[in-house]
Amino acid sequence: MTLLVPFDASPLASKALEKASTFGDLLDEELVVLTVIPDDAEYARDRGWITEGEPFNPDAIETGIQNRASEIAPEATYRTERVSSDEPTATSTTNVVREIRRLAAEIGASVVFIGSENAGSVIAPQSSVGNPVASDHRYDVYVVREPGGEIDPSELADIDSTIE
């Protein structure tokens with residue numbers, strides 16, 4: 001069994017990587033971290049990989065993201081795939097989704113850990129990879145929708161009070 005984590009260094013992807021690392025340790029399974037970098041500066045800016053006016057440098061982006069992934073899961077195998085945006089009808093997000101699904105099939109991923117606030121939603125933005133990756137039935141999907149942190153006590157329900 002191989003666990004796959006698409007990783008863009010966002011808070012949700014970071015939390016998904018933490019969860020996958022824990023699962024991998026407990027199950028003694030291989031963990032593969034995948035970063036897909038389209039040749040699209042706007043996509044990189046939208047994800048906070050580069051700032052406005054900063055030059056698009058895929059090598060620097062790869063190094064930075066790999067360093068962040070290594071801080072979270074040093075035992076993981078790290079892969080970067082670069083995709084071209086030369087197909088006129090495909091968006092960068094579409095190309096990223098295709099690459100995630102291709103690699104999941106190639107490595108025989110049994111579970112894909114996705115950090116996405118939109119995966120499984122009825123309506124999802126076009127920029128999310130969550131829904132299309134989650135819709136593939138060749139692997140199970142673990143969706144992380146919250147980056148973690150403090151739990152607000154007012155959000156907790158008293159289970160005992162619902163039992164009559």
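All of these numbers come straight from a predicted model, not from anything done at the bench. In this chain, residues are counted from 1 in sequence order.
By the side-chain contact (heavy atoms from CB on, under 4.5 Å) test, Arg68 is found to be paired with Phe7, Ala9, residues two or more places apart in sequence or in another chain being considered. Listed by chain and number, the residues in a ring pair (Phe, Tyr, Trp, His ring centres under 6.0 Å) with Phe56 amount to none (sequence neighbours excluded). With sequence neighbours left out, the side-chain contact (heavy atoms from CB on, under 4.5 Å) criterion links Glu99 to Val36, Glu81, Val83, Arg102.
Inspection of the Glu75 and Ser21 side chains reveals an N or O donor paired with an N or O acceptor under 3.5 Å.
Between atom OG of residue Ser14 and atom CD of residue Glu71 there is a gap of 9.5 Å, rounded to the nearest 0.5 Å. Remark: Ile65 CD1 to Thr80 OG1 distance equals 7.5 Å, nearest 0.5 Å. One finds the CD1 atom of Ile50 at 5.0 Å from the CZ atom of Arg45 (value rounded to the nearest 0.5 Å). Atoms OG and CD, from Ser110 and Glu29 in turn, are 6.5 Å apart once rounded to the nearest 0.5 Å. Taking CZ of Arg98 as the start and CG of Leu103 as the end, the distance is 16.0 Å to the nearest 0.5 Å. Rounded to the nearest 0.5 angstrom, Ile37 CD1 and Ser92 OG are separated by 12.0 Å.
A salt bridge does not link Arg101 to Glu106: none of the charged nitrogens lies less than 4.0 Å from a carboxylate oxygen.
Nearest heavy-atom pair, Trp49 versus Pro38, reported as atom, atom and distance to 0.1 Å: CZ3-CD, 4.3 Å. When all heavy atoms are compared, the tightest approach of Leu17 to Ala73 is CD1-CB, 3.9 Å. The shortest non-hydrogen separation linking Ala109 to Leu4 is CB-CB, 4.1 Å.
Using a 4.5 Å cut-off on side-chain heavy atoms (C-beta onward), Thr77 and Leu31 make no contact. Taking the side chain as every heavy atom from C-beta outward, Leu34 and Tyr78 never approach each other to under 4.5 Å. Using a 4.5 Å heavy-atom threshold, the side chains of Pro6 and Val112 count as touching. Side-chain contact between Glu62 and Asn67: absent, with no pair of heavy atoms (C-beta onward) separated by less than 4.5 Å.
Listed for the Glu54 side chain is a donor-acceptor partner under 3.5 Å among the backbone atoms of Thr51. In this structure, the side chain of Asp8 does not engage the main chain of Ala13 through any donor-acceptor pair within 3.5 Å.
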Side chain to side chain contact (heavy atoms under 4.5 Å, CB included) between Ile114 and Val144, intermediate numbers included: CA-CA 6 Å; Ile114 301 172; Val144 176; over 6 Å; no

As a quick check of understanding, evaluate side chain to side chain contact (heavy atoms under 4.5 Å, CB included) for Asn57 and Ile61, giving each step before the final call. CA-CA 6 Å; Asn57 180 340; Ile61 291 169; 5.7 Å; no

Step by step, would you call Phe23 with Leu3 a side chain to side chain contact (heavy atoms under 4.5 Å, CB included)? CA-CA 9 Å; Phe23 274 65; Leu3 310 177; 4.0 Å; yes

Evaluate the criterion side chain to side chain contact (heavy atoms under 4.5 Å, CB included) for residue pair Val5 and Val32; output intermediate values, then yes/no. CA-CA 6 Å; Val5 182; Val32 176; over 6 Å; no

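Partner of Arg79 under the side-chain contact (heavy atoms from CB on, under 4.5 Å) criterion, out of Thr35, Val33, Ile107: Ile107 alone.
The side-chain tip of Arg47 points at the ring of Tyr43 from less than 6.0 angstrom away and within 45° of straight on.
Residue-environment remark: CG (Asp28) stays at or below the threshold of 12 foreign heavy atoms within 6.0 Å.
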